[in-house]
Protein chains: 2
Amino acid sequence: MTSTTTIPAAPALPARGEIRPLGQGEVRITGGFWGRRQQVNGSATLSHIEGRLESEGWLPNFDLAAAGKLPEGRRGREFSDSEIYKYLEGLAWEIGRTDDPALEERFRAVVARVAAAQEADGYLNTMFGREGQDPRWANLEWGHELYCLGHLFQAAVARERTRPGADDGLLEIARRAADLVCSVFGPDGIRSICGHAEVELGLAELARLTGEERYLAQAALFVERHGEGSLAEHEWGRSYYQDDMAVRDAEALRGHAVRANYLAAAAVDVAVDSGDDELLAALRRQWDRTVARRTYITGGQGSHHQDEAFGDDWELPPDRAYSETCASIGSIMFTWRLLLTDGDPRYADLIERSLYNVVETSPSADGTAFYYANTLHERVPGAPADPEATSLRASSSLRAPWFEVSCCPPNVARTFASLDAYVATATSDGVRLLQYAPAEVRTRLDDGTPVEFDVETSYPDNGLVRVVVRTDAEFTLGLRVPSWAQGATLRVQSADGVEERDAVPGIAEVRRAFSAGDVVELDLPVAPRISVPDSRIDAVRGCVAVERGPVVLALESVDLAEAGVDDVSRIVLDAAVPPVERDGRVWVRIGVLPEDESAWPYGQATDAASPALFDVPLVAYHEWAERGPSTMRIFLPVM
Amino acid sequence: MTSTTTIPAAPALPARGEIRPLGQGEVRITGGFWGRRQQVNGSATLSHIEGRLESEGWLPNFDLAAAGKLPEGRRGREFSDSEIYKYLEGLAWEIGRTDDPALEERFRAVVARVAAAQEADGYLNTMFGREGQDPRWANLEWGHELYCLGHLFQAAVARERTRPGADDGLLEIARRAADLVCSVFGPDGIRSICGHAEVELGLAELARLTGEERYLAQAALFVERHGEGSLAEHEWGRSYYQDDMAVRDAEALRGHAVRANYLAAAAVDVAVDSGDDELLAALRRQWDRTVARRTYITGGQGSHHQDEAFGDDWELPPDRAYSETCASIGSIMFTWRLLLTDGDPRYADLIERSLYNVVETSPSADGTAFYYANTLHERVPGAPADPEATSLRASSSLRAPWFEVSCCPPNVARTFASLDAYVATATSDGVRLLQYAPAEVRTRLDDGTPVEFDVETSYPDNGLVRVVVRTDAEFTLGLRVPSWAQGATLRVQSADGVEERDAVPGIAEVRRAFSAGDVVELDLPVAPRISVPDSRIDAVRGCVAVERGPVVLALESVDLAEAGVDDVSRIVLDAAVPPVERDGRVWVRIGVLPEDESAWPYGQATDAASPALFDVPLVAYHEWAERGPSTMRIFLPVM
């Protein structure tokens with residue numbers, strides 16, 4: 001049993017503040033929706049990734065480096081080293097979760113190959129610095145050297161938090177590389193940044209783990225240097241790499257959506273640990289604006305394909321949504337860190353939304369193929385991806401096993417493997433349950449109070465969340481009521497009887513001297529509901545979406561056979577007929593507009609013929625394209 | 001006076017068919033809207049372009065080549081040679097139009113510098129083939145060598161048609177290069193194509209000019225090789241350069257929108273001159289589908305920024321419209337060639353739309369700054385462009401004087417300089433007037449019948465077009481009635497009296513023995529009208545546009561001061577109040593929605609407060625952003 005004197009096995013441990021996450025040892029997801037995904041992730045996804053890292057040559061690059069054979073034979077893009085580190089991080093969390101000896105062996109074997117490639121002064125990158133390669137740090141805009149190291153640091157932190165003192169060498173590798181970074185890029189060093197934020201996150205967490213102040217200072221320095229224009233001007237603007245203005249001056253996230261979120265997450269770490277409240281306030285403001293105006297209903301972010309970037313406010317076309325999987329993972333990292341600063345449950349709402357509707361959408365049910373970009377409207381059926389091939393990132397295929405730029409698969413894997421650590425937080429007062437899954441929670445508060453309970457639920461299929469207390473103790477149990485859950489109720493069953501009350505969105509709290517066997521039930525109304533977009537999101541004017549609990553639903557063409565059409569382009573929703581649940585699916589009534597082949601598509605208004613009506617089922621967006629090529633849309637035009 | 005035995009001074013002269021364009025000598029635009037633009041083009045735009053070609057080093061590259069000094073000092077992208085050729089083509093048309101001796105001198109001086117750079121075997125390109133440069137033809141995907149030569153051929157053709165036998169050397173340069181192309185890429189040569197179609201157009205026209213069959217055969221070979229997959233696979237797909245399927249198999253234009261239109265235009269030339277009716281039918285079908293489903297209301301084409309490409313059917317977001325200026329110029333070339341095959345006035349409708357709403361939108365009123373991309377919805381005001389700088393192509397600035405990729409300015413210039421040749425066509429029977437401008441028309445039919453008339457009009461400000469016959473002759477006068485012109489009337493005034501009738505969209509024909517002084521008046525209703533987009537264009541659902549005659553109107557934020565808002569994001573149109581004309585502008589009634597700062601933009605429907613109402617003027621889209629930074633939208637949400 002973990003006590004508060006143990007460091008939680010969790011990503012992101014603020015050095016200050018009242019709220020701490022419960023780590024892997026304190027929360028264990030035991031089944032349900034996320035338990036199934038974790039099982040697939042551990043049994044299929046991680047080995048799929050390792051297989052590709054080998055066959056694509058990205059892991060063998062380290063062997064070539066150790067053997068002094070580079071650059072001949074090096075394969076992969078300039079950031080391929082980072083995928084090995086993200087894979088290691090995923091393995092570390094999975095080992096922490098399952099204690100699997102086979103994974104432990106794989107982990108140590110990969111670390112040994114990485115270790116062998118590190119140079120005497122701590123430098124570690126298979127792409128730069130050797131004869132015949134570009135020199136070190138010569139291309140900060142695109143070289144990704146610091147980015148790769150940031151992922152190395154995160155892997156080392158994950159490993160040390162899940163297996164303290166494992167002595168496999170990874171932490172030492174990370175420290176040596178971090179020391180080099182501090183010496184090369186310190187106050188008297190190269191006054192610049194990496195074109196892709198990430199090293200800041202790794203350094204801040206490495207500082208927390210090791211207590212090494214220099215690492216935090218270096219992270220802060222990198223954060224503050226954004227906006228100095230040290231990176232080259234670019235066709236897409238320096239906003240692409242957030243080098244257009246100081247982090248603390250921005251009004252919203254902008255530019256490349258993964259870079260923007262990683263940087264914002266790191267900036268929260270720096271602001272919290274260094275007590276920079278002005279910076280923290282700026283980041284909260286940016287989150288507010290970004291969520292209010294630059295985020296898809298799925299939680300997805302980034303509407304530009306060209307620069308993988310946020311668009312302007314309200315620029316959220318569903319058919320040209322890029323909504324990169326990694327951008328939502330970055331958003332979760334940023335959002336989680338803000339949640340740890342003040343506990344606002346809105347942050348957990350967005351995390352839940354992004355998990356169910358982007359991070360879960362990316363992998364196939366069997367965990368071995370992925371979406372890199374997550375469109376909200378597919379107009380032309382994609383082709384099945386070649387299982388042997390390496391796909392282009394935003395290709396028009398179905399989920400693909402691997403990409404030339406393959407950041408998403410290992411990013412998904414590390415997220416699912418560490419998911420237990422996003423379920424609950426503790427304060428001196430009690431525990432808050434933020435994400436719902438069958439789980440065991442076992443922790444102690446600062447004063448030693450044991451908090452032990454089990455969560456029983458089939459959420460999100462069913463909205464009932466049952467907390468069964470397992471030990472006698474007085475504490476506050478907080479349960480998140482999502483903002484969509486209008487009409488939720490809370491019921492406390494104890495020896496005193498049953499007490500029931502309404503639970504409004506936010507945190508429903510129960511403080512009492514619990515006895516083992518007490519039950520707290522939260523009943524969340526997950527019945528399907530219609531969501532209307534803000535009128536300023538021009539691209540979906542006149543449309544609505546259907547959601548059920550935290551899950552965004554979609555209309556997929558494979559469900560339209562009875563309606564006699566083979567794509568979703570001539571469909572309108574009869575919004576007067578509310579969506580209903582039947583046979584485990586949500587059904588809506590749609591009209592099918594007649595074929596119309598006008599030669600010019602802008603003309604006089606005509607009285608539309610009454611469309612033929614059909615009842616059709618919707619599909620969870622995260623399950624779309626699992627039944628072969630199809631067209632799909634989340635936003636349905638209203639009849 | 002030109003007779004039919006003279007070759008018309010016009011681009012695109014089919015070797016077969018009933019319809020021939022009237023060239024510069026046969027039609028002279030004498031003033032009005034297009035006359036003013038031609039005047040600015042000749043007096044300001046062409047010299048602006050030459051200044052930049054010098055100062056950017058693109059023209060001096062030829063001097064370096066001649067001096068054997070390349071590759072050191074070469075400036076500009078791999079296709080910069082083509083801008084010199086497009087500039088020469090523009091000069092040729094302008095000299096044909098104005099007979100300006102100063103321009104004639106400039107033309108000959110530039111040709112001499114080009115001539116000096118040509119190699120002994122006819123090869124001509126400043127970027128490839130020398131020691132220290134990549135070898136010739138080694139990078140067909142991106143090298144643009146054949147593309148550049150295509151523009152050289154077009155320039156030579158324009159020159160020879162406007163100044164037959166000018167003996168300045170340009171035609172000889174072109175022939176030597178074309179001979180080399182035929183020998184290198186002929187039936188037994190390199191079996192591939194250029195990544196950017198254009199050489200096909202140049203070769204087909206050069207064949208028409210010179211009678212050299214090999215050039216047409218080579219053009220046909222290049223057209224047919226599209227789809228063989230000889231170019232490398234690409235992240236955006238081989239459709240990017242139309243190498244994904246045979247031209248005759250495609251259903252619609254696809255991929256890079258300039259490439260697609262240039263190729264389609266060349267394919268029409270090849271189909272017509274070689275009597276390939278199957279190919280011609282395929283191109284007509286592609287045009288229909290592209291215009292019905294992949295074209296903006298402005299005539300603009302290409303909705304993707306990333307690959308400058310067409311999107312899928314109905315994928316026409318106004319805010320992410322790329323709508324490259326050159327794509328519409330390509331569309332005009334393709335469309336004009338189809339018009340010459342069967343005279344369908346719908347082709348002339350699209351040309352008119354593209355001219356007024358894309359080609360005219362690109363240049364500033366003074367002709368020295370340009371839009372490369374032509375968005376239909378500006379959400380954030382652009383910054384004024386630095387007049388000394390070279391801008392990035394799809395930058396967020398206002399019109400810019402020059403671009404790193406500067407295809408659009410000389411493309412605009414050559415189009416305006418040759419505009420007279422798009423005004424009218426002749427058959428054995430008579431003359432059709434397709435575009436309306438004050439003009440003199442003087443020609444002879446095949447049988448020698450003189451057709452001479454003047455056009456008096458202030459179109460498009462006013463819809464009255466007055467044709468005054470200047471000589472006695474019997475012929476058919478056809479006047480295009482645009483598809484939007486419901487309720488047009490035609491009036492014939494002669495010694496017989498006045499005869500008036502309705503003129504439905506299409507061609508209104510008057511056949512009679514005209515006498516000098518007879519007047520035919522076409523009255524086109526240019527009153528503002530509301531246009532409703534097809535419901536499948538998702539991005540503008542619930543919106544309408546206002547058009548007036550051929551001109552698309554827009555709402556610009558600089559006209560919203562009285563409504564108390566500084567951008568166009570909270571505007572709705574009161575469509576119950578028809579647009580009215582007052583003080584030379586079109587006014588609409590709009591509502592201004594209240595500020596609404598919800599934290600999450602997808603929620604329950606709320607009863608909107610009644611917006612405050614204001615009457616505001618619209619602006620011609622082609623005039624937007626002439627009054628400083630602003631936001632703008634063409635499609636207005638309906639209240």
Side-chain angles (χ1 to χ4, degrees), chain A residues 235-237 288 291-293 295 297 303-306 311-315 317-320 346 349 377 379-380 392-396 404 483 529-545 547 569-570 572 593 596-606 608 635 637, chain B residues 235-237 288 291-293 295 297 303-306 311-315 317-320 346 349 377 379-380 392-396 404 483 529-545 547 569-570 572 593 596-606 608 635 637:
Chain A
E235 171 161 2
W236 305 325
D288 286 347
V291 171
R293 300 186 174 198
T295 301
I297 192 169
S303 54
H304 288 195
H305 281 241
Q306 184 175 40
D312 294 327
D313 287 350
W314 316 118
E315 191 180 281
D319 50 357
R320 289 296 286 166
R346 288 199 304 133
D349 284 359
H377 183 175
R379 294 173 176 277
V380 177
L392 304 159
R393 43 193 154 165
S395 71
S396 58
E404 287 190 357
S483 59
R529 65 188 188 279
I530 284 181
S531 295
V532 182
D534 189 292
S535 66
R536 286 165 293 184
I537 306 177
D538 293 286
V540 291
R541 177 171 289 104
C543 294
V544 298
E547 300 181 88
S569 71
R570 291 189 288 125
V572 287
L593 298 175
D596 169 21
E597 287 309 323
S598 63
W600 177 246
Y602 311 94
Q604 304 306 301
T606 50
F635 285 100
Chain B
E235 171 160 1
W236 305 323
D288 286 347
V291 170
R293 301 187 172 197
T295 301
I297 192 170
S303 54
H304 288 195
H305 281 240
Q306 183 175 39
D312 294 326
D313 286 351
W314 316 117
E315 191 181 279
D319 49 358
R320 290 296 285 168
R346 288 197 306 131
D349 283 359
H377 182 175
R379 293 173 177 278
V380 176
L392 304 160
R393 42 194 154 162
S395 71
S396 58
E404 287 191 357
S483 59
R529 65 189 187 278
I530 285 181
S531 295
V532 181
D534 188 292
S535 66
R536 287 165 293 185
I537 306 177
D538 293 285
V540 291
R541 177 171 288 105
C543 294
V544 298
E547 300 182 88
S569 71
R570 291 188 289 123
V572 286
L593 298 175
D596 169 22
E597 288 309 324
S598 63
W600 178 245
Y602 311 93
Q604 303 308 301
T606 50
F635 285 100

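Chain A is the first sequence line, chain B the second, and so forth, proteins listed ahead of strands; every chain is numbered from 1.
The CG atom of A:Asp319 sits 11.5 Å away from atom CZ of B:Arg320, with the distance rounded to the nearest 0.5 Å.
Between chain A and the residues B:Gly311, B:Ser531, B:Ala599, the most heavy-atom pairs under 4.5 angstrom are made by B:Ala599. Per-residue counts of heavy-atom pairs under 4.5 Å with chain A were compared for B:Ile537, B:Asp349, B:Asp288, B:Val540; the largest is that of B:Ile537. With chain B as the partner, the residue from A:Arg529, A:His304, A:His377 showing the most heavy-atom pairs under 4.5 Å is A:His304. Between chain A and the options B:Cys543, B:Gly542, B:Pro317, B:Ala539, the largest number of non-hydrogen pairs under 4.5 Å is found for B:Ala539.
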(request) Please report the C-alpha distance between B:Trp600 and A:Asp534 in whole Å, then the side-chain angles of each, then the deciding distance to 0.1 Å, and finally whether the side-chain contact (heavy atoms from CB on, under 4.5 Å) criterion is met. (result) CA-CA 9 Å; B:Trp600 178 245; A:Asp534 189 292; over 6 Å; no
(request) Take B:Arg570 and A:Arg536 through the test side-chain contact (heavy atoms from CB on, under 4.5 Å) and record every step on the way to the result. (result) CA-CA 7 Å; B:Arg570 291 188 289 123; A:Arg536 286 165 293 184; 4.1 Å; yes
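Residue contact with chain B, scored on non-hydrogen atoms closer than 4.5 Å, involves the backbone and the side chain of A:Asp538 alike. With a threshold of 4.5 angstrom between heavy atoms, A:Ile297 approaches chain B through its backbone and through its side chain. Contact of A:Asp313 with chain B is made through the backbone alone, with heavy-atom distances under 4.5 Å. Heavy atoms of A:Ser535 lying under 4.5 Å from chain B belong exclusively to its side chain.
Within the 4.5 Å cutoff, side-chain heavy atoms of B:Pro637 are placed close to those of A:Arg541. Two residues are said to be in side-chain contact when any heavy atoms from C-beta on lie closer than 4.5 Å; B:His305 and A:His305 fail this criterion.
Nearest heavy atom pair, residue A:Ala292 against residue B:Ser598, reads CB-O, 3.5 Å.
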